[in-house]
Amino acid sequence: MKRKYLLFSLLLTGSSLYAQEWPAVHPETRPATRWWWLGSAVDATNLTYNLEEYAKAGLGGVEITPIYGVQGNDKNNLPFLSPQWMNMLQHTETEGKRIGIEVDMNTGTGWPFGGPHVSMTDAATKAIFQSYQVEGGKEITLDLKVEEEKQRPVATLSRVMAYNADNKQCLNLTSKAKNGQLQWKAPAGHWHIITLYIGKTFQKVKRAAPGGEGYVMNHLDKGAVKRYFANFDKAFKENKTNFPHTFFNDSYEVYGADWTPDFLEQFARRRGYKLEEHFPEFIAQDRNETTARIVSDYRETISDLLIENFSTQWTNWAHGHGSITRNQAHGSPANLIDTYASVDIPECEGFGLSQFHIKGLRQDSLTRKNDSDLSMLKYASSAAHIAGKPYTSSETFTWLTEHFRTSLSQCKPDMDLMFVSGVNHMFFHGTPYSPKEAKWPGWKFYASIDMSPTNNIWQDAPAFFEYITRCQSFLQMGKPDNDFLVYLPVYDMWQEQPGRLLLFSIHDMAKRAPKFIETVHTISNCGYNMDYISDNFVKSTRCVNGKLLTKGGTSYKAIIIPAVKLMPSEVLGHLLKLAQAGATIIFTENYPQDVPGYGKLEARRKGFAQLQKQLPEIASFDETVATPYQKGIIITGNNYQSALEKSGVVPEEMKTRYGLQCIRRSHADGHHYFISSLQEKGVNDWITLAVPAESVMLFNPMTGEKGKAQTRKQEGKTQVRLQLHSGESVILQTFNHALTDVAEWKYVQEQPVSLSLDHGWKLHFAKSTPQIEGTFDIDTPSSWTEIAHPNAPITMATGVYTNIITVPHIPADDWILDLGDVRESARVRINGQDAGTAWAVPFQLKVGKWLKPGDNKIEIEVTNLPANRIADMDRRGEKWRIFNEINVVNLQYKPVPYTDWQPLPSGLNGSVRLIPVTYK
């Protein structure tokens, strides 16, 4: 198999690369983006133009996802996989290789997979159950017809089953059903007849591109999936087109697809009994234990089929063409850990804006709460870590705010949340292809964020992209080094959750696994990092020198079993073997109490009971007890803090004491951390590390600064002096040896007196639409929406604030320019020299090397958001929503115009200070 991980392998093996420098940059290190091809109405000239703009700004990859087109532009649409479309793909790949951009593609258009080549036979499938009550002792003639008229032409009869509750008799009458009728001489008694029809969901591809319209395929059917990918084989072969670097699949949104034609046979083979013999319990509205157990077995079978017949087959198919796969498992009915692990790059998704209460961060009333907290984001990274996958990607910034209102400063905290959750290969959601000649605002996709050259934030996006690149250069280096494995209680979810088909959507996880989510946050708040592990990966985990080594080669110090009720015997048995071999196993709140599922239940319970007897006897879980277990140890108790402390694993003080978020990785010479202060307060103190170190380097991903940190030993542990403002991030790298000939990290001590630059400002516009000419004496650094010009409240612009400032002769090692409240990002020039870009809080730059005693010219180029301009266009009735299907909608998916938006402050919005500092 042709793999694309060469650079990563070099990082793993080449210890010389772990020097006190920023790691090497390659395309995967840079941010990437989902590239919406509206109508696939692309041409070679504009493809090159767009790609060059992306590369110039610092993007390293694009993922082609064709969707619906632009109104009145049908003549330019290229049907998906047509010779013309394949020609444009080949051009994109050639140009991407030329300019250093990696090209991926969706294995379909819109989502989910489907299209015109999916026959009704291969379309997504559902079960249709119908019930009849008959009295026996006579000849029965029963008309068998699907009640839903739409299903009649497509539904096929799978089973006709008869059940007698009095004598527990079950009869398969399927062979007696002919020509839409059941003729049966029924024995005496009351009979419940249940028919199963295999119907269709009739779901079609959502947001399909031209040539991609059609039915969603049956992801549970091996043959249907194989035939779907055969269309790609044909297109690539006939057009002699190179396969892309990576194939992508979006979140699983196959609604109501709860069956497949051979499901009953697959169920019997995997679960050891026939589901059709238990249809009354299976479809019962009243959920008793028997029903719950049968439904759990059904859900496990659905999970098996989705992983085996879809994600694994898809990945094997891609490997056969020298490509790899990137997949979003969330939203699917399958075990998320195993599904994510079955592909090459697991991908999580942020959906909404998190509220961290970061000091000075601009708020917006038009936002939606992020449904993906740390507990949700970690499913993908956990799968990557335990399976040995080098990358975890993310669909980043879906619906942070309304369109045209998202700032770079709002993006950073949620990007940092993804980093501390294990993401190291982010993708924006997204960037629409837009022809150079298209009228502003260009071509748009309905869901924000719009990270494209037609958005005003693109002016300073390169600084954001460089930040991401620096962070990912470290986060892709080395190996994961999380403390604990946490067992995912999927059988508890499968057995306890109501209904039949259970989807693990990011929007529903608070209902699916509330106790597990609480546990994850408790462990994190205790100062530890963790990855989740599934039953399958537990069974393949080994104990080596007291540590747990997963199938992917990642080691952990212990495994936590969090208040699990149901556990397969083979999993509990393997946990005991791990403890016998020297591992630490932590049971919290209770021991597993029973086996899941229904088949051969009593026999399995007997085996489980024998295993339970091998668990340490304890009086109560109210007391935390650490019991030696041959070479290992089993810890029990309700108190997480106590149980985790008894494991001997050292917590990260930066989390417990200072509230910082962090993730740790290991490298050949030590460890490295990504640390972020996602909170209202900052930190300026000595931090005790959980790992030993002889030397420590600090790296500022915002600026590229680096230096040897101040360290000291306290009670045998390494302490590092750390300074972070609210919202700031840093990379910390430890070494097992002393560093020499390395510049010291510059710790900042602000002097008690600062210069207030609150007067003497002038404002002109480097660019503005609608245009604002002339220079304005504004005196104080205030929003340009307040100046006396009719276009000021509606312009999309870069305004230049200019002042002549006098720098006194004050002994200082440096000066910090604090821009205060910036709306929304700023480039600074001092005496004609570029002094940096401030795009996130705190909006501060070190500017001392550009200042001189006496008079200095300072220019601050501030770029606002496009919100004011687009709202004015709506108020004037200008038609810019020119897209087919959903067009551009608001956060509630409603086609609401922006006529009521009030002008957003733009430019400098408060006090500006110049602060003398000393380095200590």
Side-chain angles (χ1 to χ4, degrees), residues 359-364 407-409 456 459-460 725 750-768 770-808 810 812 815-832 834-848 850-852 854-865 867-869 902-917:
K359 186 177 180 180
L361 180 61
R362 180 178 73 81
Q363 302 299 310
D364 193 327
S407 67
L408 297 175
S409 63
N456 217 27
Q459 167 86 3
D460 294 322
H725 289 98
E750 293 186 7
Q751 295 188 15
V753 178
S754 63
L755 301 182
S756 178
L757 311 181
D758 287 344
H759 298 285
W761 291 92
K762 298 180 182 296
L763 171 67
H764 71 276
F765 291 87
K767 52 186 177 181
S768 55
Q771 191 172 10
I772 302 177
E773 296 180 337
T775 299
F776 301 85
D777 294 318
I778 59 171
D779 192 35
T780 61
S782 54
S783 171
W784 68 60
T785 58
E786 301 173 2
I787 66 175
H789 192 286
N791 290 339
I794 61 175
T795 191
M796 179 182 76
T798 296
V800 185
Y801 292 79
T802 306
N803 206 342
I804 301 296
I805 61 173
T806 302
V807 177
I810 297 177
W815 292 81
I816 290 178
L817 179 64
D818 185 338
L819 299 177
D821 186 2
V822 177
R823 304 298 180 97
E824 299 295 333
S825 58
R827 295 183 183 183
V828 175
R829 286 194 304 273
I830 295 178
N831 297 322
D834 291 333
T837 302
W839 56 271
V841 295
F843 291 98
Q844 295 182 344
L845 295 171
K846 294 179 180 178
V847 297
W850 292 283
L851 291 172
K852 63 181 188 293
D855 290 345
N856 294 261
K857 182 180 181 180
I858 182 169
E859 299 168 277
I860 305 172
E861 287 189 355
V862 185
T863 301
N864 72 341
L865 296 175
N868 294 346
R869 180 181 177 188
Q902 296 302 307
L904 293 180
S906 301
L908 296 179
N909 204 44
S911 178
V912 176
R913 295 187 303 145
L914 196 58
I915 308 166
V917 299

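The first residue in the sequence is number 1, and the count goes up from there.
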Visitor: Please round to the nearest 0.5 Å and tell me the distance separating atom CH2 of Trp815 and atom CD of Gln751.
Guide: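 One gets 7.0 Å once the value is rounded to the nearest 0.5 Å.
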
Visitor: So do the side chains of Asn868 and Ser906 get within less than 4.5 Å of each other, counting heavy atoms only?
Guide: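 Heavy-atom side-chain distance check passes, below 4.5 Å.
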
Visitor: Answer whether the closest heavy-atom distance between the side chains of Val822 and Ile860 falls below 4.5 Å.
Guide: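 No. Closest side-chain heavy atoms not under 4.5 Å.
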
Visitor: With a 4.5 Å cut-off on side-chain heavy atoms, are Asp364 and Ser407 touching?
Guide: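 A side-chain contact under 4.5 Å is absent here.
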
Visitor: Does any part of the side chain of Asp818, heavy atoms only, come nearer than 4.5 Å to the side chain of Glu750, both counted from C-beta?
Guide: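 In short, these two side chains do not touch, never coming nearer than 4.5 Å.
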
Visitor: List the atom of Asn791, the atom of Gln771, and the distance in Å for their closest heavy-atom pair.
Guide: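 Taking Asn791 first and Gln771 second, the nearest heavy atoms are ND2-O, 2.8 Å.
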
Visitor: State the CG-CG distance between Leu819 and Leu845, to the nearest 0.5 angstrom.
Guide: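 Answer for the CG-CG pair, Leu819 versus Leu845, is 6.0 Å.
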
Visitor: Ignoring hydrogens and geometry, is there a side-chain-to-backbone donor-acceptor pair from Asn831 to Trp850 under 3.5 Å?
Guide: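 A pair under 3.5 Å: yes.
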
Visitor: Is the shortest heavy-atom distance from the side chain of Ile858 to the side chain of Val847 under 4.5 Å?
Guide: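 The answer is no, as the side chains (C-beta and beyond) never meet within the 4.5 Å cut-off.
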
Visitor: Between Asn864 and Thr795 (side chain of the first, backbone of the second, donor and acceptor by atom type, cut-off under 3.5 Å), is there such a pair?
Guide: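 Side chain of Asn864 to backbone of Thr795, a donor-acceptor pair under 3.5 Å: yes, one is there.
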
Visitor: Can you list everything that forms a salt bridge (charged side-chain N to carboxylate O under 4.0 Å, His left out) with Asp779? Sequence neighbours excluded, please.
Guide: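 With sequence neighbours excluded, Asp779 shows a salt bridge (charged side-chain N to carboxylate O under 4.0 Å, His left out) to no residue whatsoever.
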
Visitor: So, using side chain to side chain donor-acceptor pair (under 3.5 Å) as the criterion, who are the partners of Asn909 when residues are at least two apart?
Guide: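 Result, side chain to side chain donor-acceptor pair (under 3.5 Å) vs Asn909: Asp821.
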
Visitor: Strictly distance-based, threshold 3.5 Å: is any side-chain N or O of Asp758 a donor or acceptor partner for the main-chain N or O of Ser911?
Guide: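 It does not hold such a pair.
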
Visitor: Can you name the side chain to side chain donor-acceptor pair (under 3.5 Å) partners of Thr780, sequence neighbours left out?
Guide: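 Thr780: no side chain to side chain donor-acceptor pair (under 3.5 Å) contacts found.
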
Visitor: Taking side chain to side chain donor-acceptor pair (under 3.5 Å) as the definition, give me every residue that meets it alongside Thr785, ordered by chain and number, with sequence neighbours left out.
Guide: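 In terms of side chain to side chain donor-acceptor pair (under 3.5 Å), with neighbours along the sequence ignored, Thr785 is linked to Ser783.
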
Visitor: Run the side chain to side chain donor-acceptor pair (under 3.5 Å) test against Arg829 and tell me which residues pass, sequence neighbours left out.
Guide: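 Per chain and number, Arg829 pairs via side chain to side chain donor-acceptor pair (under 3.5 Å) with Glu859, Glu861.
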
Visitor: Salt bridge check, Asp834 against Arg827: does any charged N sit closer than 4.0 Å to a carboxylate O?
Guide: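 No, this pair does not count.
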
Visitor: Is the shortest side-chain heavy-atom distance between Ser409 and Leu361 below 4.5 Å?
Guide: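 SC-SC contact between Ser409 and Leu361 confirmed.
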
Visitor: If you take the centroid of each ring, where Trp contributes its six-membered ring, are Trp784 and Phe765 closer together than 6.0 Å?
Guide: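 Close enough - the centres of the two rings lie under 6.0 Å apart.
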
Visitor: Do Arg869 and Ile794 have side-chain heavy atoms sitting under 4.5 Å apart?
Guide: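 No, every pair of side-chain atoms sits at 4.5 Å or beyond.
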
Visitor: Can you give the donor-acceptor pairs under 3.5 Å from side chains of residues 798-805 to other protein atoms, not counting sequence neighbours?
Guide:
from   : atom 1 : to     : atom 2 : distance (Å)
Thr798 : OG1    : Thr863 : OG1    : 2.9
Tyr801 : OH     : Ser782 : O      : 2.8
Tyr801 : OH     : Leu908 : N      : 3.2
Asn803 : ND2    : His759 : O      : 2.9

